[in-house]
Amino acid sequence: AFLYAFIEEVKRLAVGELPSLIDEIRDPVLSNPAGDHSLEAMAARVGMSKYHFLRKFKNIYGFTPAQEVRKIRIGMAMDLLLTTHEPLKVIADKTGFGSEVSLTRLFKKFYGRPPSAFKR
């Protein structure tokens, strides 16, 4: 019971940090998805070493900053696929994937189907 209460208290105290760390990742990715969102760049934005930032982020959220960046980018790609007539290459460039192959591979992993299936 003591251990459970301790864990709950730690979670409660960590909540104050939740919005700031995740926002430090989301806001720059949403405003410039193709920008530099490396671990080093994200850690520098919050004033931490990359290893400390990675450890702290993963302990709080249960996933890595890179996974969050990919999730945001793939969501933006999905929106562009459904709302524009831009070619996949342009969407890949705009969302920071760099190539159609990278976008298609991750798209299949997230949604189980290639981007062309959603485009139709």
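When a residue number appears, it is its place in the shown sequence, counting from 1. The structure presented is a predicted model; accordingly, all values stated were derived computationally and were not measured.
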Novice: Is there a donor-acceptor pair under 3.5 Å between the side chain of Thr84 and the backbone N or O of Leu81?
Specialist: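 Checking the backbone N and O of Leu81 against the side chain of Thr84, no donor-acceptor pair under 3.5 Å is found.
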Novice: By the side chain to side chain donor-acceptor pair (under 3.5 Å) test, which pairs, at least two apart or in different chains, include something from residues 95-107?
Specialist: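 Counting only pairs at least two positions apart or across chains, the side chain to side chain donor-acceptor pair (under 3.5 Å) contacts touching residues 95-107 are Ser99-Ser102.
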Novice: With Arg55, which residues qualify under side chain to side chain donor-acceptor pair (under 3.5 Å), at least two apart?
Specialist: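 Applying side chain to side chain donor-acceptor pair (under 3.5 Å) to Arg55 gives none.
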Novice: How far apart are the C-alpha atoms of Leu21 and Met48, what are their side-chain angles, what is the distance that settles it, and do they pass the side chain to side chain contact (heavy atoms under 4.5 Å, CB included) test?
Specialist: CA-CA 11 Å; Leu21 278 182; Met48 295 180 193; 4.1 Å; yes
Novice: Return the minimal non-hydrogen interatomic distance between Ala66 and Met42, and the atom names on each side.
Specialist: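 Minimum heavy-atom contact is N-CE, 4.5 Å.
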Novice: Check ring pair (Phe, Tyr, Trp, His ring centres under 6.0 Å) between Phe107 and all other residues, then give those that pass, not counting sequence neighbours.
Specialist: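 Ring pair (Phe, Tyr, Trp, His ring centres under 6.0 Å) list for Phe107, sorted by chain: Tyr111, Phe118.
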Novice: Rounded to the nearest 0.5 Å, what separation is found between the CZ atom of Arg73 and the CZ atom of Phe110?
Specialist: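 Rounded to the nearest 0.5 Å, the CZ-CZ separation comes out at 11.5 Å.
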Novice: When rounded to the nearest 0.5 angstrom, what is the spacing between CG in Leu80 and CG in Leu88?
Specialist: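 It comes to 10.5 Å.
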Novice: So how far is it from His37 NE2 to Asn32 CG, rounded to the nearest 0.5 Å?
Specialist: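 Rounded to the nearest 0.5 Å, the NE2-CG separation comes to 5.0 Å.
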Novice: Measuring from Lys94:NZ to Leu103:CG, what's the distance to the nearest 0.5 Å?
Specialist: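 Answer for the NZ-CG pair, Lys94 versus Leu103, is 13.0 Å.
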Novice: State which residues pass side chain to side chain contact (heavy atoms under 4.5 Å, CB included) with Gln67; sequence neighbours excluded, sorted by chain then number.
Specialist: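 If we apply the side chain to side chain contact (heavy atoms under 4.5 Å, CB included) test to Gln67, skipping adjacent residues, the hits are Phe63, Thr64, Arg70.
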Novice: Under the side chain to side chain donor-acceptor pair (under 3.5 Å) test, which residues partner Lys89, sequence neighbours left out?
Specialist: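 Counting only residues at least two positions away or on another chain, Lys89 forms a side chain to side chain donor-acceptor pair (under 3.5 Å) with Asp93.
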Novice: Roughly how far, to the nearest 0.5 Å, is NE2 of His85 from CD1 of Ile91?
Specialist: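 Ile91 atom CD1 to His85 atom NE2 measures 10.5 Å (nearest 0.5 Å).
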Novice: Within this structure, what is the CD1-CD1 distance for the pair Ile25 and Ile72, rounded to the nearest 0.5 Å?
Specialist: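 Rounded to the nearest 0.5 Å, the CD1-CD1 separation comes out at 7.5 Å.
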Novice: What residue pairs, at least two apart or across chains, pass salt bridge (Lys or Arg N to Asp or Glu O under 4.0 Å) with a residue in residues 35-46?
Specialist: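 Non-adjacent pairs meeting salt bridge (Lys or Arg N to Asp or Glu O under 4.0 Å): Glu40-Lys50.
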Novice: In terms of hydrophobic clustering (I, L, V, M, F, W, Y; side-chain heavy atoms under 4.5 Å; direct or indirect links), are Tyr51 and Val46 co-clustered?
Specialist: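 In one cluster: no.
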Novice: Please determine whether residues Leu30 and Phe57 belong to a single hydrophobic cluster, defined as Ile, Leu, Val, Met, Phe, Trp and Tyr linked transitively by side-chain heavy-atom distances below 4.5 Å.
Specialist: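 Yes, because Leu30 and Phe57 connect within a single hydrophobic cluster, where side-chain heavy atoms sit under 4.5 Å apart.
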